[in-house]
Amino acid sequence: MHDEGHVAVIDFGSQYTQLIVRRVRELGFFAMLYALEDFPNIGKPGAIILSGGPKSTSDADAPDLDFEALKAFEVPVLGVCYGMQLLNLKFGGTIEASDRREYGPANLFPEKAEGLYAGITKTSQVWMSHSDTVKIIPDCAEVIATNQHGTPVSLQWGERFFGIQFHPEVTHSHEGNRILSNFLSEARNLMPFRIEDFKREMIDNIRETVGDRQVVCGVSGGVDSTVLAVLLKEAGVKVRAIFVDNGLLRKNEAAEVQANFKRMGLEIETIDASDRFLDALAGEGDPEKKRKIIGNMFIEVFWDAVGDAQMLAQGTLYPDVIESASNAKSKASVIKTHHNRVAKILELQAEGKVLEPLAELFKDEVRALGTSLGIEESILMRHPFPGPGLSVRCPGVVDRERLDIIRDCDAIFIGKLKEHGWYDKVWQAYAGLIPVKTVGVKGDERSYEWATNLRAVVSEDAMTAEWVDLPAQLLRETSQKILNEVGGINRVLYDISTKPPASIEWE
Ligand code: XMP
C-alpha cells in the first residue's frame with residue numbers, strides 16, 4: 001500500500017473519478033482513489049483532489065466531508081465540479097441549485113496566465129457536466145477563470161485551495177492535463193510513479209510473501225494473467241501456471257498460448273476440458289444459464305487440477321478493486337468478482353494465501369509492466385477476450401459445429417484486420433454467429449445457411465463503445481473470403497451498434 005506522498009482522489013461518485021487517478025499517474029505521480037467513507041483515513045497525501053459527483057450540494061443526502069480534517073492535511077486541494085461547489089460552501093459561499101444541465105464544451109478565460117493556468121491558452125476548450133453553479137463567492141476567494149459568458153468557472157480560496165467547474169480529466173478538455181500538472185506543481189514531495197520502481201518493489205514483495213512455497217496461477221493467454229505469471233517467474237518463486245481449455249477458445253488459441261509461454265521460458269499445464277464444458281452446455285440456450293455453467297465448470301476443473309494450493313496468485317487489477325468497493329459494477333467485473341470470490345478463494349484469503357500483485361495498477365500500466373518484463377508487444381496488445389469465450393458470440397445453443405464456424409470466420413476477420421493495419425487501432429474485434437438460416441445462392445444452387453456478424457469497437461473501459469468505421473475494402477475482402485471458404489455461412493453482416501444500448505458481445 002502506497003500511502004505517503006501520493007495524490008489522494010476522494011470519490012464523490014462522478015463517472016470520471018477513475019480517469020483523474022489515471023491522468024495523475026500519466027503525469028508521473030502516484031495517485032490513489034478513496035471512497036468518501038474512508039476520509040480522512042487516506043494516509044499522508046502530498047495533494048488531495050475532490051472529485052465531481054451526481055448529487056447537488058442542496059440535496060438532503062448531499063455527500064459531505066470533514067472540512068477541519070481536510071485543512072489539517074496542509075496540502076494543496078483541488079475541487080473538481082461537485083468538489084469545487086463543496087469547497088465554496090465550506091469557505092462560506094453559496095451554490096445556486098438548478099435543474100438545467102450544462103453538458104459539453106465551453107471556453108476558458110483564465111484571469112492570469114499563472115498558477116493553475118500557467119501556459120494555458122485563452123479560450124481553451126474545457127468540458128462541462130453540471131447543473132448547479134457557484135453563486136456567492138466568499139471574501140477569501142478569488143475568481144481565477146471564467147467561461148465565454150463571464151461566469152466564474154474556477155476559484156481559489158487562500159493559498160492552496162483551488163476549484164474548477166469543468167472536468168480536466170476528460171480528453172475534451174484540451175489542456176486538462178496541463179491544468180492538473182500545474183495544480184500538482186503546487187505540492188511538495190509528491191511520490192513519483194515509475195513502472196520500473198514499481199516492478200522492483202513488487203518483485204521484492206512477492207519474494208518476501210511467498211518464500212519457498214509454491215504459487216499457483218490460472219493463465220488465459222490474456223494480458224493480465226500473462227504479466228502476472230511472468231512477474232512471478234521473474235521473482236524467482238516456484239510457479240505452477242494452469243491453462244484451462246474450455247472448448248470455447250478461438251482458432252489455434254490453445255497451441256498459440258502454449259507456444260507464447262514456452263518462448264518466455266515458462267511451462268504451462270494445459271488441461272483439455274473441452275468435452276466437460278461442451279457436454280455441460282449441450283442444449284442450453286439461455287445466456288445467463290450458459291454463463292453459470294461455464295463459470296461453475298471452470299471452478300471445478302481448475303480446483304481439481306490445483307489440489308491443495310499453498311498460495312494462489314490472481315491478476316486482479318485496480319479497477320476491479322475500486323469497482324467491487326464502490327459497487328458500481330460492470331458485467332465483466334461482476335463475473336470476475338464471481339470467479340475471484342468463490343468460497344475456496346475466500347478461505348485461502350483468510351489464511352493470507354492469496355497474492356494479487358497487480359491490484360494497484362490500471363490496464364495500460366499492466367501493459368507497461370509487461371513491456372518492462374520483456375513480454376512481446378503482440379501479446380500485450382491482444383484484444384480482450386471474455387472468460388466464457390465464444391459462447392457469448394453464439395446466441396442460443398452452442399455446439400462443436402457452430403464453434404468451428406465462428407472460429408473460421410473470426411480467424412479470417414482478424415487476419416484481414418492485421419493485414420490492413422487495423423488490428424491495433426480497434427479495441428476489440430471478432431466474428432460471431434447468428435444461427436438463423438436465410439436463403440442464398442452458392443454455385444448455382446440455392447443455399448439455406450447461417451449468417452456471421454463482424455464486430456469491431458473502440459472503447460476506453462468497456463462501459464461504453466463505438467463501432468469502428470472500417471475501410472470498405474477490408475470489409476469486402478473479409479466478406480468474400482468468409483463466403484468462399486466457410487461452409488455453413490451465406491451472409492456476412494457488420495454490426496453498427498454503439499454500447500449502450502447494445503453490448504459488445506451478443507450475450
Ligand atoms: P459487454 O458484452 O458487456 O462486454 O459489452 C464488455 C467487455 O467485457 C467482456 N466480457 C466478459 N469478460 N467474462 C469476462 O471475463 C464475461 O462473462 C464477459 N462478458 C463480456 C467483453 O468481451 C468486452 O470486452
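Remember, it's 1-based here, ligands and their atoms both numbered in the order they're listed. Values reported hereafter were calculated over all heavy atoms of this structure, with side chains retained and with hydrogens, waters and symmetry mates removed.
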message = I want to know whether F277 and F298 have ring centres closer than 6.0 Å.
response = no

request  = Measure from the side-chain N and O atoms of E507 to the backbone N and O of G396, and report whether any donor-acceptor pair falls under 3.5 Å.
outcome  = yes

key: Shortest heavy-atom approach to atom 12 (N) of ligand 1 - which of G295, S503, P386   = P386

key: Option set E507, Q428, M463, criterion heavy-atom distance to atom 23 (C) of ligand 1, minimum   = Q428

key: Residue D279 excluded, over 12 heavy atoms near CG under 6.0 Å   = yes

request  = Please indicate whether any nitrogen or oxygen in F385 is less than 3.5 Å from any nitrogen or oxygen in ligand 1.
outcome  = no

request  = Answer yes or no: does an N/O atom from W427 fall short of 3.5 Å to an N/O atom of ligand 1?
outcome  = no

task = State whether the shortest distance between N or O atoms of G387 and N or O atoms of ligand 1 falls below 3.5 angstrom.
result = yes

inquiry  = Aromatic contact between F193 and F198, with the criterion being ring centroids under 6.0 Å apart: yes or no?
reply    = yes

remark   = Residues passing the side chain to side chain donor-acceptor pair (under 3.5 Å) test with R194, sequence neighbours excluded, are D197

task = Can you sort out which atoms of ligand 1 are near P388, meaning under 4.0 Å from one of its heavy atoms?
result = 13 (N), 16 (C), 17 (O)

key: Selection from R291, E505, K290 by shortest heavy-atom distance to atom 18 (C) of ligand 1   = R291

key: side chain to side chain donor-acceptor pair (under 3.5 Å) against H172, all qualifying residues, sequence neighbours excluded   = none

inquiry  = Side chain or backbone, does K499 bring an N or O within less than 3.5 Å of an N or O on ligand 1?
reply    = yes

